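Note that the coordinates shown come from a computational prediction; the quantities given were computed from them, not determined experimentally.
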Amino acid sequence: MDWMAWTWPTAAFFLTIAALLVIFTVLAIRFPETPRHGVLGIETTRGDRLFITLLGSAFINLAWLGLVGQAQPGALALCLLYAVAVFRWV
């Protein structure tokens with residue numbers, strides 16, 4: 001199949017998301033949690049916060065590409081800060 005270029009960074013990206021899903025599933029089974037209310041005013045669980053983090057990180061990276069250019073290390077740092085904020089306050 002020539003429709004997609006599978007590079008090591010692309011594979012690492014998808015493997016990371018798959019690993020996160022497995023880890024969060026194991027955590028949900030082993031350590032059940034009660035939903036909590038954060039700054040959004042809605043009940044969220046770990047999985048909800050992971051989804052919000054991944055979605056927001058996608059938008060951060062798209063904005064970074066549109067405004068700054070190709071170098072993504074700064075966007076990665078911003079995404080990590082965003083993830084910490086989401087898991088802390090949402």
Listed pairs under 3.5 Å, donor-acceptor, residues 14-29 side chains, sequence neighbours left out:
{"residue": "Thr16", "atom": "OG1", "partner": "Ala12", "partner atom": "O", "Å": "2.7"}
{"residue": "Thr25", "atom": "OG1", "partner": "Leu21", "partner atom": "O", "Å": "2.7"}

Problem - For Pro35 against Thr45, the heavy-atom pair lying closest together - result: CG-CG2, 4.0 Å

Exercise for the section: Would you indicate whether the side-chain heavy atoms of His37 and Ile42 approach each other to under 4.5 Å? Expected result: no

Handout entry: Flag, side chain of Trp64 to backbone of Ala71, donor-acceptor distance under 3.5 Å
Key = yes

Practice task
Keeping the roles fixed (side chain from Gln70, backbone from Leu65), state whether a donor-acceptor pair exists under 3.5 Å.
Solution key: no

Problem - Within one Ile-Leu-Val-Met-Phe-Trp-Tyr cluster: Trp89 and Leu78, side-chain cutoff 4.5 Å - result: yes

Problem - Distance-minimising heavy-atom pair for Ile60 and Cys79 - result: CG2-SG, 3.7 Å

Problem - Residue pairs involving residues 75-90 (criterion salt bridge (charged side-chain N to carboxylate O under 4.0 Å, His left out); sequence neighbours excluded) - result: none

Exercise for the section: Check whether any side-chain heavy atom of Arg36 sits under 4.5 Å from a side-chain heavy atom of Glu43, and report yes or no. Expected result: no

Under 3.5 Å donor-acceptor pairs involving side-chain atoms of residues 50-58, not counting sequence neighbours:
{"residue": "Thr53", "atom": "OG1", "partner": "Arg49", "partner atom": "O", "Å": "2.8"}
{"residue": "Ser57", "atom": "OG", "partner": "Thr53", "partner atom": "O", "Å": "2.8"}

Practice task
Establish whether Leu67 and Phe59 are linked, either directly or via other cluster members, by ILVMFWY side-chain heavy-atom contacts under 4.5 Å.
Solution key: no

